[in-house]
Each structure stands twice: as structure tokens, then as C-alpha cells.
Amino acid sequence: MPELPEVEVTRQSFAHRIAGARVLDMRLGKPLRWPLGVETPSLVGQQVQHVGRRGKYLLLHLSDGVLLLHLGMSGSLQFATVLDAAGVHDHMDLVTSQGTLRLHDPRRFGAVVWAPDLQAPVARKLLGRLGVEPLDDGFVAEHFHKALRLRRSPIKQVLLAGEVVVGVGNIYASEALFEAGIRPTVRADRLSLTRARRLHAAIRDVLSRAVAAGGSSMRDFVNAHGQAGHFQQTWAVYGRAGASCRVCGTPVRTLVQGQRSTFFCPQCQKP
DNA sequence: CACGGATCCTGATGGC
DNA sequence: TGCCATCAGGATCCGT
């Protein structure tokens, strides 16, 4: 579910309200998918310092370490002072002096991982190979082009892998490639500097517009106050197979790459 | 090492 | 209505 925009919208929706809170209790439900075998110590008494983000991970910085949260495909967070009893798909309640942060994730592809600091082995394992943050100044078109020249996979799969640039998931990969006029099947190392520049700009543009719109809500994404986003109304190609391209009218086509659906306009996006 | 495929889990949806 | 197949926003692991 959540790609970078949804994770960032979630972060922004509760970060300021939880900052400074004391942890009073932490309850964990069913185990999540990965990584296995990592023990979470008692966090009671620690203070929440700030909430950051790296790629699709939320980083809850506490007094003695960092709680890494990942929302997987179907996860969402809720932050409230009063909550109903936890349901079968609620896998974590972090009770604090300023409200309870609850992780809801039916498919359980998400993660809750404690690390004493970001240099700890578990944190390095999860974050160590991540690419550049697309909305930071460190995301530079020329560097992006250089990194793409080392990859022979189709550009869409390189974006999804997150080792060159993070946060671009299945929806925004199709959207950014449409905006850049690039066919998703083009080998990454065949992109000219000009086209890499266009893609670089498109990624920043699509992701920042999605954050401003509160993210995309397919079926169940909501921010920490339960509000849905509306960027899905703006999708140019994602989920629009057979419908007319908003630019040229050609039917949007779909194909499968690495077991994920890709959407593109065969007219606007050049091989 | 880079790459492609199988895999984890649950729920919604559509065809017959 | 019931049953089955397919698909869904992610990322890891494993074989080649």
C-alpha cells in the first residue's frame, strides 16, 4: 500500500503530536513478516524525541534507540487518545502520555523493529542498501543517470528495487514514467542523460504532488487521523488499463514486470 | 555480483 | 448464494 507519499503523509500527521511523549506501555499482536527473531525490549519510560523517515520506513527516535516501522502493503497507523479495543489486524499499540499509536496491517507484510541506534546491525541490514531520498537535495539528475547506467533491468524494476532511489513503489513508478514519456520496459542503462533528467524531475514532481494531496487511497490507506488521501483521482495511467490516455486519447495498456502490474501509454511513452 | 522468480498473508472482486 | 481464481500499495530470499 504505502509508498513514500503515504508514509510521509502518515509521518506528518502525527509526528508533532507524539513528540515529547513518554511511553507508558507497548503491546504487540501477531508477529509481522520480517525480519524474524528480533526482540523488542521494554520501551516503557522512554521519551519520544522525533519521528523521521527513511524510504518507506518510519523512524521513531526514542531516548535509548529507534523504533523502525514499515507499513508493508496494507499497513496504516492511527494516533488517538481514545481507541477501541485492538482488533485481529492491530499488531502494535504504543501507549504514550499523549496518545496511542496503533499499527493496523491485515496482510502483515509490515515490520516493527527495535534498534539501539541506526548503526546497529539490524538497522544497517534494513536501511543499509537503500538509495537516495528523492525529495532531498542529494537526489541529483547527473548522479541518478550515472547510477542507472550500471543497471540492465527495465527502468521500472530499477525504480521499484529502491537501491538507486527510494520510495517509488508500483503506483508512482508507472506515474513518473508516464510523466517522463519513458516506456517502463526501457533498459535503465540505455536512458540518455536527457531522459534521465526528465525522469528525475518527474519522480520529484509526482511524489511531492502526492504528498500535498494526502497520498493515494486505493482501498484502505488513511493518515494517523483516519483521513484518506485523494491523489488517486489524479492518476494518469495507474489502474486505467483500457481507458483513454488523458493526453493523447490512446488506450492505456498494461503489462506485468516482476509479478507487478505496469500501466503505460504506448503513444506518449517512447521505447 | 546482478538478475528473475517464488514467496510471505489476508481480503476484495469477478466469473461461472 | 457458493466456490474458485485472480489480484492488491512491499521486500526478502534463493537459485542461476
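So that the names make sense, note that chain A is the first sequence line, chain B the second, and so on, each numbered from 1.
- The same atom, C1', is picked in C:dG9 and in B:dC3; the two are 24 Å apart, to the nearest Å.
- Residue A:D90 contributes atom CG, which lies 15 Å from atom P of B:dT10 at whole-angstrom precision.
- At whole-Å resolution of the value, CG in A:L4 and P in C:dG10 are 11 Å apart.
- Atom CG in A:L160 sits roughly 13 Å away from atom P in C:dA8 (whole-Å rounding).
- For A:S261, a side-chain nitrogen or oxygen approaches OP1 or OP2 of C:dA8 to under 4.0 Å.
- Using a cut-off of 4.0 Å between Lys/Arg side-chain N and Asp/Glu carboxylate O, A:R149 and A:D189 are scored as not salt-bridged.
- For a distance-only test at 3.5 Å, the side chain of A:R107 qualifies as a donor-acceptor partner of the base of B:dC9.
- Contact check on A:R27 versus A:D25 returns a salt bridge, with a Lys/Arg side-chain nitrogen under 4.0 Å from an Asp/Glu carboxylate oxygen.
- At the phosphate of B:dG11, OP1 or OP2 sits under 4.0 Å from a side-chain N or O atom of A:H89.
- A sub-4.0 Å separation between OP1 or OP2 of C:dG9 and a side-chain N or O of A:R260 is present.
- The shortest distance between the side-chain N/O atoms of A:K56 and the OP1/OP2 oxygens of C:dG9 is not below 4.0 Å.
- Between A:I171 atom CD1 and C:dG10 atom C1' there is a gap of 12 Å when expressed in whole angstrom units.
- Of the side-chain N and O atoms in A:Y57, none sit less than 4.0 angstrom from OP1 or OP2 of C:dG10.
- Counting non-hydrogen atoms of other residues, nucleotides and ligands closer than 6.0 Å to NZ of A:K146 gives a total of 12 or fewer.
- With rounding to whole Å, A:F109 atom CZ is found 14 Å from C:dC13 atom P.
- To the nearest 0.5 Å, the span separating CD on A:E142 from NE2 on A:H200 amounts to 8.0 Å.
- Distance CZ (A:F263) to P (C:dG9): 8 Å, rounded to an integer number of Å.
- A salt bridge links A:E163 to A:R151: at least one charged side-chain nitrogen sits closer than 4.0 Å to a carboxylate oxygen.
- For A:R198 and A:E179, the salt-bridge test fails: no basic side-chain N is under 4.0 Å from an acidic carboxylate O.
- Here the side chain of A:M218 is nearest to one of C:dA8, C:dG10, B:dA2, namely C:dA8.
- Along DNA chain B, the nucleotide nearest to A:V88 and the one nearest to A:R151 differ in position, and the one closer to the 5' end is contacted by A:R151.
- Look at A:K125 and you'll find a side-chain N or O under 4.0 angstrom from OP1 or OP2 of C:dC13.
- Within the nucleic acid shown, A:Y238 comes within 4.0 Å of sugar-phosphate atoms alone, with no base atom in reach, counting heavy atoms only.
- C:dA5 is paired with B:dT13 under the Watson-Crick or G-U wobble criterion, all donor-acceptor distances under 3.5 Å.
- With distances taken from any side-chain atom of A:Q259 to the nucleotides B:dA6, B:dG11, C:dG10, the minimum falls on B:dA6.
- Between A:M73 atom CE and C:dA8 atom P the separation is 8 Å, expressed in whole Å.
- With rounding to whole Å, A:E3 atom CD is found 5 Å from C:dG9 atom C1'.
- Note on A:S153: every side-chain N or O is 4.0 Å or more away from OP1 and OP2 of B:dA2.
- Residue contacts shown for A:G169 are limited to sugar-phosphate atoms, with no base heavy atom under 4.0 Å away.
- Taking 4.0 angstrom as the limit, A:H70 places none of its side-chain polar atoms (N or O) nearer than this to OP1 or OP2 of C:dG10.
- Distances were taken from every side-chain heavy atom of A:R108 (C-beta onward) to each of C:dC7, B:dC9, B:dG11; the shortest belongs to B:dC9.
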